[in-house]
Amino acid sequence: MRISDLHIYGFGKLENFHLKDLKSLQLIYGENEAGKSTIMAFIHAVLFGFPTRQAKNYEPKTHSKYGGKLTLETVNMGKAVIERVKGTSSSSVTVRLDDGTIGGEDLLRRLLNGMDENFYRSIFSFDVHGLQKLHQLKEEDIGRFLFSAGTVGTDSLYRLEKKLQKEMEKLYKPNGRNPVINQELQTLKELEADVKKGKKKNDQYLHVLVEIENQKQHLSKLSVEEGKCQAYLERLAREETIRPLLMEKQRLEEEMKAIGEVAFPVDGISRLEKHLDRLHHLEGMISALQEKIDWKEKQIRRWQNDLLSLEEEAAIEASVNQSAEYKKWQEDWQNDQMKISELNSQLEELKTYLHFEHFTDEEIYQIDTSMDVKRRIKEEIQKLIRLISQKEHIEKALQTNRSELQTAEKECEKIEELLLPEQEFRTLQKKAENQTEKESLAKEIRWLELQLQKIETEKQAKKRNKQPLAAGFVLVFSIVLALWLVIQHEWLLLSVPFFGFVAAFLLWTKKTPDLLEEQEKELKKEINQRKKEIQEMGYLLTKEEASMYRKQTELRDRWKQSIMRLEQLEQQKSKLISEKKEWEREFSENLLRVQRIQHKLCFPKTMEWNILDEAFEKLLSMKDIIRQKKICQERMKEMEESIQRWKDQLHRWTKTLGLPDHDIEYVLFQLKEQLKRNKEKALQIKETSKQAEQYKEELQAVIKEKAEFEREIQKLFASANTETEEDFRKKGTQWKKLEQLKERLALIHRQVPDSPDLLFPLDQPAKWKKAKLEVEEKLKELGQEKKRVQADLAKWEYEKKVLEEGGTYAERLHLFHLQRSVVNEKAKKWAQLAIAKHIFAKTVKHFKDQKLPLALQKAEELLSMLTNGRYIHLYTNEEGKFYVKRKDGMFFEPQELSQATGEQVYVSLRLALASVLQEEYPFPLIIDDAFVHFDHKRMSAVAEVLKEVSRHTQILIFTCHQHVKMYFPETSIIHLEEPDWANVTK
Amino acid sequence: MKQIRFIHTADLHLDSPFIGLEQRLPPELFARIRESTFRSFHRIIDEAIKREVDFVLISGDLFDGEDRSIKAQARLQTEMNRLKQHGISAYILHGNHDHLNGQWVSLELPSNVHVFSSQVEAIRHQTKAGAIVHLYGFSYDKRHVWERKINEYQKQDGADFHIGLLHGYEESGKSGHQPYAPFSVNDLLEKQFDYWALGHIHQTKILHKDPYILYPGNIQGRHRKEIGAKGCYLVELDQTGTRLEFIETADIQWKKEVMKLSEEESFHSFFMRLKQMMEDNRQTNQGVMLEIQLENEPNREIRDKITSGELLEALQDGEDLEDLNESFVWVHRFIIDPQHPLKFKENHPFYREFEKQTASLTKEDWEEALSSLYFHYKTTRFLTDLTEDEKEEMLEEAKRLIQEGLAEEGAISGENF
């Protein structure tokens with residue numbers, strides 16, 4: 001990449017400063033203070049950012065913008081314009097590419113391929129100080145420098161590699177003993193061996209199992225032997241105990257034979273005892289029962305004496321029960337009594353009312369008050385009432401009639417005054433008649449005129465029906481037809497067109513039918529006639545006459561009506577008078593009848609007839625009361641009698657039973673008591689009889705049982721062949737003895753088999769003893785051997801257990817695995833270092849193999865050029881030591897060279913480096929007056945070299961020395977003028 | 001209603017050692033670790049007896065290798081005898097680690113135990129309550145069984161419940177395990193069993209619910225990656241459905257904790273916090289193997305204490321390991337795994353080249369680099385190959401090492417000459 005253009009807006013003392021069209025090898029010449037360093041700083045600033053104010057302040061003192069832009073020509077992105085400006089607070093950079101892309105810091109970074117300022121300065125920018133430092137240059141510095149440019153490994157890398165190596169060796173050395181991993185591996189190996197050993201042991205497990213089996217079997221065999229010996233010993237011991245028993249057995253058998261057979265029922269004696277016991281018991285029971293029965297029967301008899309007979313009992317009971325009735329009777333009697341007094345008082349009242357005080361009850365009761373009488377009373381009174389109302393009616397009617405008569409007469413008179421005389425009236429009448437006639441005639445005329453109108457319209461309509469067009473057409477047609485017929489010589493058919501002519505003519509002049517004309521005439525005649533009549537009528541009515549006529553007609557009618565009414569009223573009057581007379585007659589008759597009835601009922605004559613039925617009712621109630629009184633009295637009498645009867649009966653009973661006789665209450669109580677006691681007694685008797693019966697039954701049962709037991713005892717005696725008790729008992733004792741003997745024998749039998757199998761005969765104890773001793777000895781031996789085998793077995797069992805518990809093998813296996821794990825983890829740490837070192841070495845090698853040779857080669861070329869072929873080769877070894885080879889084959893280390901040569905070496909190296917790095921970092925070199933000390937020869941050589949280099953790398957040289965200018969073509973020189981210029985171009 | 005209750009467990013790996021530990025252990029801890037699988041199994045049998053199950057299912061890998069340790073077999077025998085005393089049956093099949101063709105001294109198992117043969121077979125079991133169960137399964141006759149044995153499983157009518165046992169690999173799973181006796185979940189569902197008792201995967205994993213298809217996982221974690229609770233499943237099956245209960249039985253639990261240093265934190269405060277973390281992780285009646293990871297870069301002082309092992313020792317001090325029933329917390333590993341590694345100027349040509357080289361490493365490169373230790377005839381048999389993941393980690397670490405190294409040598413930023 002090259003810088004082609006440079007435009008400063010404001011930077012340091014430069015303002016609005018342009019440099020255009022910069023070349024690949026560009027010399028920029030200017031005096032001191034012309035701004036060379038400023039330009040260099042500006043380039044750095046645009047590419048990498050403004051320096052901080054503290055570092056160096058390039059902000060323009062005037063008000064220009066701070067910053068500027070560079071135009072670059074890149075290899076793969078075309079032209080790029082980088083503009084960086086700083087405002088009051090922040091700076092910003094804009095990158096514009098050829099293809100229109102606009103970017104910022106990121107795009108810039110990409111353009112610069114990640115290059116930063118320091119790196120750039122250290123590679124691509126150098127000045128005289130750098131050269132001057134050369135004499136201080138040690139090989140490390142060169143190497144370092146080269147390294148930091150990324151070519152070859154040197155001490156620092158070497159150091160790093162060494163460090164890694166050391167770390168690795170601390171962990172592990174292939175045949176070492178001390179490093180960590182080696183030690184752990186050793187442990188691991190040991191454990192492995194242990195595990196193998198353990199495994200072997202493990203495999204012996206089967207063997208162990210087998211051994212255990214064997215020992216167990218051996219043990220069981222020994223146990224069997226032991227058992228046998230034990231058994232033999234026991235047998236011997238048993239024999240010892242048997243002998244005395246056998247002897248006794250003999251003795252017993254002899255005794256038994258002596259006694260012989262005894263027949264006796266089993267448990268005979270005890271059974272006898274039992275029976276006898278029972279017998280006694282039963283006898284006791286019998287006597288007890290008998291006693292009880294006697295006692296009960298005595299009791300019964302005693303009670304029965306006292307008992308009443310059934311009839312007596314029933315009778316007394318009946319009487320006693322009536323006490324309830326007695327109470328009721330008393331009550332009723334009292335009620336009746338009260339009722340009677342009540343009735344009496346009512347009766348008194350009524351008597352006073354009707355003035356019957358001196359009448360007795362009986363007399364009153366005899367009065368006839370049958371239904372018939374009642375009815376008649378009712379009838380008569382009703383009649384009287386009716387008559388009285390009738391009278392009123394008649395009186396009223398008469399009065400009305402009189403007044404009406406008066407009014408009617410008055411009316412008549414009034415009308416007569418208003419009437420017109422007859423003659424006048426008749427004329428009026430005639431006029432009125434005429435009027436009506438006229439009106440009707442007018443109506444008729446109107447109607448007729450209407451009819452006329454109708455006819456007119458019809459005529460018109462018919463007239464319009466004239467059809468001129470049709471007529472014309474027909475005419476034409478007929479003419480044509482006629483002509484054609486003439487041509488054809490059809491003379492006969494000419495009638496047709498002739499008819500056509502006629503029709504056309506008719507259509508043309510259509511007339512209205514005559515009928516209508518006639519009608520019209522008729523109507524007109526009628527109308528005229530009527531009109532004439534009207535005219536002939538005489539005078540007509542005026543309005544006043546008409547109304548007068550009307551009024552008079554009315555009045556005449558009314559007068560007629562009044563006269564009629566008057567006649568009516570007269571008739572009515574005479575009728576009413578005769579009615580009244582009739583009534584009076586009827587009334588007196590009735591009154592007489594009522595009086596007669598009153599007398600019959602013993603009512604005082606002075607009593608009014610209109611309260612008759614009320615009095616009658618009262619009489620009826622009196623009679624009723626009397627009746628009731630009678631009934632009560634009768635009832636009372638009955639009660640008294642019943643009570644007395646009952647009381648007498650009770651007294652009688654008391655006497656019979658010998659009870660004290662006091663008032664009725666006391667008597668009643670006594671009798672009740674008596675009855676109760678009687679009942680109790682009867683019950684007791686029943687009970688006791690039942691009990692007695694029970695005892696009797698029991699007695700029978702016991703007696704039966706007793707007989708049975710007696711029979712049993714007899715049977716027992718028989719079974720022992722005895723008849724008396726004494727014999728029986730004797731036999732019993734004998735039998736017992738025999739049984740004892742048998743028992744003892746049996747006991748012995750149990751202990752000793754019937755025919756014992758003796759090892760030694762009964763009479764040789766010595767042999768037996770010897771045998772015993774032998775066996776005991778053997779037993780002891782066996783015991784000891786068993787112990788031994790058991791101990792062995794235990795050992796094997798333990799071995800087995802240990803193996804199962806995994807104490808040895810499993811533990812070792814676990815340890816082994818654990819250790820292995822540890823080793824692996826540490827190995828990983830070592831591997832980490834190993835791989836890092838490996839890659840590191842590879843990288844170094846890469847550089848050595850690729851980058852270094854290239855750089856060195858280039859440097860050689862340049863060095864050769866610079867020294868005119870004097871120094872021709874540059875070498876470096878692995879450790880980074882540096883050598884220069886002279887034309888004559890001598891090798892020199894850098895510090896052995898003269899300063900100038902050293903400088904040359906330095907220059908060639910740097911230039912070589914920059915060119916080698918071009919691929920990745922195609923940046924221009926900036927040289928700031930670095931060759932001040934060079935003489936002419938050197939200088940020209942340098943210029944050549946620079947030309948060479950500038951073929952692929954842009955070089956910008958800043959200088960203030962005139963002589964330097966000489967070595968470069970004029971076209972490659974830019975002059976910087978004094979400060980105040982505007983645009984400078986070349 | 002018919003109901004059965006049983007324990008489902010698998011991958012006992014009895015007597016198998018712990019691996020992945022970086023240092024030797026004190027003897028008490030070592031002893032406890034050795035016993036851990038047995039103790040876990042013993043607890044499982046305790047549970048079976050306590051809960052009065054109808055039978056116990058063990059789906060393979062009871063032992064760790066073809067040469068089964070005698071101790072493991074003896075213990076198995078004892079535990080089976082305990083089951084027999086309580087009238088509980090056991091149905092066992094063998095998997096790839098304890099296949100039927102190994103070398104071993106076999107101890108007789110009591111009559112309540114049935115081991116499935118190498119052919120898929122169906123066994124009838126009648127519970128005390130009268131429910132009839134058909135159990136289907138097979139044992140591995142050799143280490144590598146690649147066939148789809150699932151196809152040989154046939155449902156036989158005449159039972160209230162059908163349970164399948166299978167030690168194998170579910171096809172959609174991760175590739176951490178060998179794909180033995182492969183099957184898919186659909187294959188299992190097709191058989192229309194009521195429950196599938198699987199084995200082979202060491203993490204608990206439920207593949208399907210209703211019917212349940214699950215791996216109970218192993219009963220005791222054996223290295224630091226097998227973290228979390230380990231145990232067995234108690235299963236109750238009846239017409240309405242399945243009820244599961246996970247019962248933790250492991251004697252030692254592996255745990256991992258992450259720690260962050262705060263700014264300017266002193267070593268003392270850091271140490272106290274670590275101690276507190278240990279306490280927080282303490283379990284009753286269970287030991288804990290704890291790995292602690294530090295998430296950010298510590299300062300020099302702390303870093304030194306870590307790399308020298310001093311910190312780890314201090315944390316391990318003071319744990320009481322004597323009593324078998326004591327719960328302990330043993331910090332077995334302490335690593336620094338900063339989430340934000342050094343930012344290095346990646347534009348440095350050397351470093352860029354280094355990265356390029358790293359990316360283009362071949363198998364031969366690895367072999368060459370590791371040859372002196374890993375492929376040395378004397379040591380190669382002890383060392384396990386590095387896994388791809390491990391290699392990746394190492395490369396990352398290598399880059400970091402080089403970065404650090406370069407920084408230390410002051411070679412990063414060039415100076416102006």
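What you are looking at is a predicted structure, and each value in this text was computed from that prediction instead of being measured. Naming: A, B, ... by sequence-line order, numbering from 1 per chain. These values consider heavy atoms only, across backbone and side chains, with no hydrogens, waters or symmetry-generated copies.
Between A:L185 and B:L373, the closest side-chain pair of non-hydrogen atoms falls below 4.5 Å.
For chain B, the nearby parts of A:K828 are the backbone and the side chain; heavy atoms of each come within less than 4.5 Å. Only the side chain of B:L361 comes within contact range of chain A, with at least one heavy atom under 4.5 Å from a heavy atom of that chain. Using a 4.5 Å cut-off between heavy atoms, B:K399 does not touch chain A at all. Both the backbone and the side chain of B:R381 come within less than 4.5 Å of a heavy atom of chain A. Proximity to chain A involves both the backbone and the side chain of B:L21, based on heavy atoms less than 4.5 angstrom apart.
With respect to chain B, the highest number of heavy-atom pairs below 4.5 Å among A:K189, A:K826, A:K837 belongs to A:K189. Top candidate by heavy-atom pairs under 4.5 Å with chain B, chosen from A:A834, A:S821, A:A836, is A:S821.
When all heavy atoms of B:S372 and A:Y172 are compared, the closest pair comes out as O-OH, 3.0 Å. Contact between A:N824 and B:F382 at its shortest, heavy atoms only, is ND2-O, 3.2 Å.
Atom CE of B:M394 and atom NZ of A:K829 lie 10.0 Å apart (nearest 0.5 Å).
When the shell of 6.0 Å around OH of A:Y798 is examined, it contains 12 or fewer heavy atoms from other residues, nucleotides or ligands.
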